2 protein chains.
Amino acid sequence: MSPSKAPRKDPGPGGRPRLTREAVLSAALKLVGSEGLEALTMRRLGQELGVDPMSLYRYAANRAALLDGVTELVLNELAISPEDRDWQAQLRRIAHDLRLLALRHPNVVPLLVTRPLSTPLGLRPLGTLRPLEKILSLLTGAGFGAVNALHVYRAYYGFLYGHILNELQEFVVDTEEHEALLRLGLHRLPAREFPRLRALAPALADYDGGAELDQGLSILLSGLASRLPSAPEQDSHPPNTADSPSA
Amino acid sequence: MSPSKAPRKDPGPGGRPRLTREAVLSAALKLVGSEGLEALTMRRLGQELGVDPMSLYRYAANRAALLDGVTELVLNELAISPEDRDWQAQLRRIAHDLRLLALRHPNVVPLLVTRPLSTPLGLRPLGTLRPLEKILSLLTGAGFGAVNALHVYRAYYGFLYGHILNELQEFVVDTEEHEALLRLGLHRLPAREFPRLRALAPALADYDGGAELDQGLSILLSGLASRLPSAPEQDSHPPNTADSPSA
DNA sequence: GCCTAAAGTCTACAGTGTAGGGACTGTCGC
DNA sequence: GCGACAGTCCCTACACTGTAGACTTTAGGC
């Protein structure tokens, strides 16, 4: 239809370049990353781009749509290649990638888990549905039936998101102060009611999220593998009747 | 010290009863439940209670503190009794309880997962830390070492929260329209890029969250049981050297 | 009755999302 | 060259937000 969807022309180094959706979104992401979600207001973002706040509404219908755009942008950083046949290794890699992604954009994580809650599955931005489709493809390629692939996906992604939330809850930016602040905070707790939690201060202080994720995944994946019609992996469970776990 | 912290007296049926923190919080919860998180503004809540908005600041320092109060209130509905010795059964029961709690208060779930992200562990409202302490107690009572109990807790709670998020994402209030809306939404997706997701419409429509949670828990719990110093459960894995999984 | 402290209210301010309409600018057909 | 046009962008304005600070009312204790 229209021969050019990109901004018409580079106006040269003199004029301010035309706004783009990508420019708006990445500026928004940058702002969220450096100053938190609440700093992302239309006025502030406009100021950051040297542009009237109202201009932004050409590139996102809403503030909500803007947030959706940011989550999409972040999720696009996640690479999934459904060709690989070793599904367990793939899921492991994806999990660690997503974990690192979350650690790289901690302020966006609330969006990642919250936005889908207010948007029915079919109406989400495509970018947020792509991982789901690709993982389904990966699983069916590995031998899972369609419905079973969905169940496996749910267990896997659920655990993954849960872990990320867990880890980010304990994450404190300033690692210098981390332990001190932790002790201080825990010390505030009534000793009688919270003996175990208080005693765990040192263990809480050094938390290896990657390792913990990996161990959880080991448990989960080997358990899930037993759902394969003919378990070809190193597992030795008896093969289950697959694909219709419930009548 | 002060002999009475409760409101001084019941002023009788004539005068409006004194405000209480509990009254404020439960009104807030009710409002959130019926009209969503965004409806919870100070003015609106004040109006709901027939009170000047500024009065609320006597019972919650902030809007943020108000939100914390609501999450605390909801989490208080969760009963955990660390006395029980059968830790697996207990964790199963708690998981289902929390799931039902989330389904009862879907609008509060974003708070449940989001608020802790912006509050370091030591500074959270006591009510939100109580489940953690109790589960730790439950696990150590079952034979786990302190540090191992923490790891088990993390895996368990992570999976649980992940599942709840997953389920609520697919949850649509109006079950009549559910399948129709789902089909409609999925139909919007490009057929070439999302073949599996589109094909899964019927499977997505009837989603038994409880069963799915239970299956995931079975996998996870039996895997976690192998961390017990001397596995006393029905499991037959060789006992691991417990309590220090990493040097 | 008064005294005191708590509880509730009023006013005001800076900041929010965004509707409606007007001004500008680059591109196209002539 | 010119005029038309459509896409961008900006300005103004409105209803609404959280909350600081000073004020008024209320409830007990004596």
Side-chain angles (χ1 to χ4, degrees), chain A residues 1-25 27-28 31-32 35-70 110-111 114-115 118, chain B residues 1-25 27-28 31-32 35-70 110-111 114-115 118:
Chain A
M1 311 295 173
S2 59
S4 72
K5 294 191 80 171
R8 311 306 168 87
K9 216 173 219 173
D10 185 359
R16 169 160 40 74
R18 201 61 144 238
L19 232 45
T20 327
R21 187 172 152 95
E22 285 73 34
V24 169
L25 291 184
L31 188 55
V32 169
E35 307 194 27
L37 267 180
E38 321 193 326
L40 180 57
T41 73
M42 303 309 253
R43 285 166 164 90
R44 181 67 203 283
L45 182 56
Q47 173 183 329
E48 213 72 25
L49 286 161
V51 133
D52 187 278
M54 292 310 281
S55 306
L56 304 174
Y57 285 89
R58 300 270 160 200
Y59 305 96
N62 266 345
R63 193 181 109 100
L66 200 94
L67 296 179
D68 277 336
V70 172
L111 295 184
T114 284
R115 295 292 317 154
S118 37
Chain B
M1 309 300 169
S2 61
S4 72
K5 294 191 81 171
R8 312 308 168 85
K9 215 173 217 172
D10 184 0
R16 168 159 40 76
R18 198 64 143 237
L19 233 44
T20 329
R21 175 152 218 259
E22 285 72 36
V24 170
L25 290 185
L31 188 54
V32 169
E35 307 195 26
L37 268 180
E38 320 192 327
L40 180 56
T41 73
M42 303 309 252
R43 286 168 164 88
R44 180 68 202 282
L45 183 56
Q47 175 182 328
E48 213 73 23
L49 286 161
V51 133
D52 187 279
M54 292 309 280
S55 307
L56 304 174
Y57 286 90
R58 302 261 165 208
Y59 305 95
N62 268 343
R63 194 181 109 101
L66 200 96
L67 295 179
D68 278 335
V70 172
L111 294 184
T114 284
R115 294 292 317 152
S118 39

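The sequence lines fix the lettering, A, B, ..., with proteins before strands; numbering per chain opens at 1. Values in this document were obtained by computation on a predicted structure and should not be read as measured data.
A donor and an acceptor atom sit less than 3.5 Å apart, one in the side chain of A:Arg43 and one in the base of C:dG17.
What separates CG of A:Asp52 from P of C:dT18 is a distance of 14 Å, to the nearest Å. Atom C1' of nucleotide D:dT17 and atom CG of B:Leu40 are separated by 12 Å, given to the nearest angstrom. Regarding A:Leu19, its CG atom lies at a distance of 16 Å from the C1' atom of C:dC24, rounded to whole Å. Protein atom CD of A:Gln47 is 14 Å distant from nucleotide atom P of D:dC11, rounded to whole Å. Rounded to an integer number of Å, the gap from B:Leu56 CG to C:dA7 P is 14 Å. Computed from coordinates, the A:Arg21 CZ to D:dG7 C1' distance equals 17 Å when rounded to whole Å. The CD atom of B:Glu38 sits 21 Å away from the P atom of D:dA15 (whole-angstrom rounding). In this entry the distance linking CG of A:Leu45 with P of C:dG15 reads 17 Å, nearest Å.
The end-to-end axis angle of the helix from C:dG1-D:dC30 to C:dC30-D:dG1, rounded to 10 degrees and based on five pairs per end, is 10°.
Minimum interatomic distance between A:Thr114 and B:Pro110 (heavy atoms only, all atoms of both residues): OG1-CB, 4.3 Å. Nearest heavy-atom pair, B:Thr20 versus B:Tyr59, reported as atom, atom and distance to 0.1 Å: C-CD2, 4.0 Å. The two residues A:Ala39 and A:Leu31 have their closest heavy-atom pair at O-CD2, 3.6 Å. Here the shortest heavy-atom pairing between B:Val70 and B:Ala28 reads CG2-CB, 3.8 Å. Of all heavy-atom pairs between B:Leu40 and B:Leu45, the closest is CD1-CD2, 4.0 Å.
Here the side chain of A:Thr41 pairs a donor or acceptor atom with the backbone of A:Arg44 at under 3.5 angstrom. A donor-acceptor pair under 3.5 Å links the side-chain atoms of B:Ser118 to the main chain of B:Arg115, judged by distance alone. Listed for the B:Arg43 side chain is no donor-acceptor partner under 3.5 Å among the backbone atoms of B:Pro53.
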Sugar-phosphate means primed atoms, P, OP1 and OP2; the rest is base. With that split, encode nucleotides 20-25 of chain D 5' to 3' as B, S or - using protein heavy atoms under 4.0 Å.
BB----

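When distances are taken from the side chain of A:Val51 to each of D:dC10, C:dG17, D:dT17, the shortest belongs to D:dC10. Here the nucleotide nearest the side chain of B:Arg63, chosen from D:dA13, D:dG18, D:dC10, is D:dG18. Nearest nucleotide to the side chain of A:Ser55, out of D:dC10, C:dT9, C:dG17: D:dC10.
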Could you check B:Leu56 against B:Leu49 for side-chain contact (heavy atoms from CB on, under 4.5 Å), going step by step and ending with a plain yes or no?
CA-CA 10 Å; B:Leu56 304 174; B:Leu49 286 161; 4.0 Å; yes

